[in-house]
Protein chains: 2
Amino acid sequence: MKLSVRGEYALRALLVLGLHYDQSVVRIQTISEQQNIPKRFLEQILNDLKSAGVVESRRGVSGGYRLARRPEEITLATVVRHIEGALAPVSCVSERFYEKCTCPDESRCAIRSIMKEVREAIVKIMERTTVATLCERARLLQHEAVSPFDFSI
Amino acid sequence: MKLSVRGEYALRALLVLGLHYDQSVVRIQTISEQQNIPKRFLEQILNDLKSAGVVESRRGVSGGYRLARRPEEITLATVVRHIEGALAPVSCVSERFYEKCTCPDESRCAIRSIMKEVREAIVKIMERTTVATLCERARLLQHEAVSPFDFSI
DNA sequence: AAAAATCTCTATTGACATAGTCGAGATTAA
DNA sequence: TTAATCTCGACTATGTCAATAGAGATTTTT
């Protein structure tokens with residue numbers, strides 16, 4: 001039931017790009033350092049996100065990456081589906097990556113029916129959560145961390 | 001975000017055992033045939049479930065497997081955790097299989113905070129769903145399939 | 001025009017996990 | 001005693017995943 005490291009890196013990178021939205025582009029190097037992601041690996045991932053239309057890039061000396069759409073428009077579901085494939089725990093309940101399973105009768109499979117619920121629960125969260133949500137939350141968490149000082153004295 | 005084939009087979013096997021609860025033991029062969037699971041592979045899985053205290057076995061001529069506890073007491077969470085490990089999508093939000101992640105500050109990680117929600121959603125379903133639930137649902141689905149005839153004439 | 005910094009593309013590697021197989025043994029009922 | 005079953009550990013083949021690498025294309029700066 002795990003997200004791959006690749007998928008996690010993608011989200012971390014998008015968070016960084018989200019925090020720099022409508023500022024200048026961000027270099028791979030910068031993201032790599034900030035997030036402890038191997039640079040050459042991150043290259044691949046960002047390139048992949050580019051082909052998904054999630055980010056866009058500028059080459060050359062002052063090059064780098066930025067979001068191709070507004071942060072509110074990029075859902076985690078989109079990103080993870082593009083990087084990993086199905087969100088569903090078994091592919092026989094996946095909408096976009098459906099595969100027939102080996103059970104005797106899929107239409108009356110009790111496990112399938114439960115797994116549909118799990119899928120729904122996951123998709124619901126991943127579909128309503130966007131890069132903008134991540135950014136808000138990051139700012140909030142950053143603030144929370146400092147707040148104890150606000151209340152001192 | 002996938003369940004392994006192994007995990008799926010485990011659930012399918014438990015469903016069969018659940019449907020035979022407090023009847024006689026069920027042979028590996030029978031389960032294997034009913035559920036299209038390679039027999040030697042299923043052997044391993046059932047043995048594994050035995051060490052988890054989920055099923056028990058009888059050897060010899062009229063041997064086979066049965067549930068070691070009442071179907072209502074066996075949650076999907078227990079089973080999947082034993083076969084697969086963490087239910088959480090990233091191990092830094094797992095309660096029983098926690099592992100530190102590589103992000104710069106785990107305590108203020110926005111992604112982690114979302115993944116906690118996903119984990120909660122998954123755990124909630126998997127913890128309330130038991131082998132008994134699967135059996136009920138299987139019977140229901142079986143019945144549904146025949147019901148059109150009930151309403152004819 | 002040259003140089004330097006960046007992204008781009010494709011290939012490759014090594015480690016590990018997964019699905020599945022196998023053989024030989026132990027136990028039990030008939 | 002025999003046949004049917006579970007038991008246990010080893011084995012293998014395949015694939016996936018994380019990561020690395022090299023050579024090229026593009027852009028800015030000088």
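Because the structure is predicted, anything quoted here is derived from the model rather than measured.
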- prompt: Across the strands shown, which category fits B:Leu46 at heavy-atom distances under 4.0 angstrom: base, sugar-phosphate, nothing?
  reply: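 Result for B:Leu46 = nothing.
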
query: What residues, two or more places apart in sequence or in another chain, satisfy side-chain hydrogen bond (donor to acceptor under 3.5 Å, both in side chains) together with A:Asp105?
result: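 Residues passing side-chain hydrogen bond (donor to acceptor under 3.5 Å, both in side chains) with A:Asp105: A:Ser107, A:Arg108.
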
field: Listed partners of A:Arg40 passing side-chain hydrogen bond (donor to acceptor under 3.5 Å, both in side chains), at least two apart
entry: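 A:Arg40 satisfies side-chain hydrogen bond (donor to acceptor under 3.5 Å, both in side chains) with A:Glu43 once adjacent residues are dropped.
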
What is the separation between atom [atom1] on [X] and atom [atom2] on [N], rounded to the nearest whole Å?
| X | N | atom1 | atom2 | result |
| --- | --- | --- | --- | --- |
| A:Ile83 | D:dT16 | CD1 | P | 17 Å |
| A:Ile31 | C:dT6 | CD1 | P | 13 Å |
| A:Arg27 | C:dC7 | CZ | C1' | 12 Å |
| A:Gln29 | C:dC7 | CD | P | 9 Å |
| A:Asp48 | C:dT10 | CG | C1' | 14 Å |
| B:Glu56 | C:dT27 | CD | P | 18 Å |
| A:Ile28 | D:dA19 | CD1 | P | 15 Å |
| A:Leu3 | D:dT16 | CG | P | 17 Å |

A:Arg70/A:Glu73 ion pair, N-O < 4.0 Å: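 Result for this pair is yes, salt bridge flagged.
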
- prompt: Are the side chain of A:Thr78 and the backbone N or O of A:Ile74 linked by a donor-acceptor pair below 3.5 Å?
  reply: no

Provide a list of protein-nucleic acid N or O atom pairs under 3.5 angstrom, restricted to nucleotides 21-23 of chain C.
residue : atom : partner : partner atom : Å
C:dT21  : O4   : B:Gln44 : NE2          : 2.5
C:dC22  : N4   : B:Arg40 : NH2          : 3.4
C:dG23  : N7   : B:Arg40 : NH2          : 3.1
C:dG23  : O6   : B:Arg40 : NH2          : 2.1

Result block: side-chain N/O donor-acceptor pairs under 3.5 angstrom for residues 89-101 of chain B, not counting sequence neighbours:
residue : atom : partner  : partner atom : Å
B:Ser94 : OG   : B:Phe97  : N            : 2.9
B:Tyr98 : OH   : B:Glu106 : OE1          : 2.6
B:Tyr98 : OH   : B:Glu106 : OE2          : 3.3

- request: Identify which nucleotide among C:dT8, D:dA18, C:dC7 has an atom closest to any side-chain atom of A:Asn47, counting heavy atoms from C-beta outward.
  value: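 Comparing C:dT8, D:dA18, C:dC7 against the side chain of A:Asn47, the answer is C:dT8.
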
Can you check whether [X] has a side-chain N or O nearer than 4.0 Å to OP1 or OP2 of [N]?
| X | N | result |
| --- | --- | --- |
| B:Arg6 | C:dT18 | no |
| A:Ser57 | C:dT6 | no |
| B:Tyr9 | C:dA19 | no |
| A:Tyr65 | C:dT8 | yes |

query: Is a side-chain donor-acceptor pair under 3.5 Å present for B:Arg58 with B:Ser62?
result: yes

- prompt: Can a donor-acceptor pair be found between the side chains of A:Ser57 and A:Arg66 at a distance below 3.5 Å?
  reply: no

Identify all side-chain donor-acceptor contacts of residues 17-30 of chain B below 3.5 Å with residues at least two apart in sequence or on another chain.
residue : atom : partner : partner atom : Å
B:His20 : ND1  : B:Val16 : O            : 3.0
B:Gln29 : NE2  : B:Glu33 : OE2          : 2.7

Please tabulate the protein-to-nucleotide N/O contacts below 3.5 Å involving nucleotides 28-30 of chain D, giving atom names and distances.
none

query: Looking at B:Ala10 and B:Val79, what are the two nearest heavy atoms and their distance?
result: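 Taking B:Ala10 first and B:Val79 second, the nearest heavy atoms are CB-CG1, 4.3 Å.
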
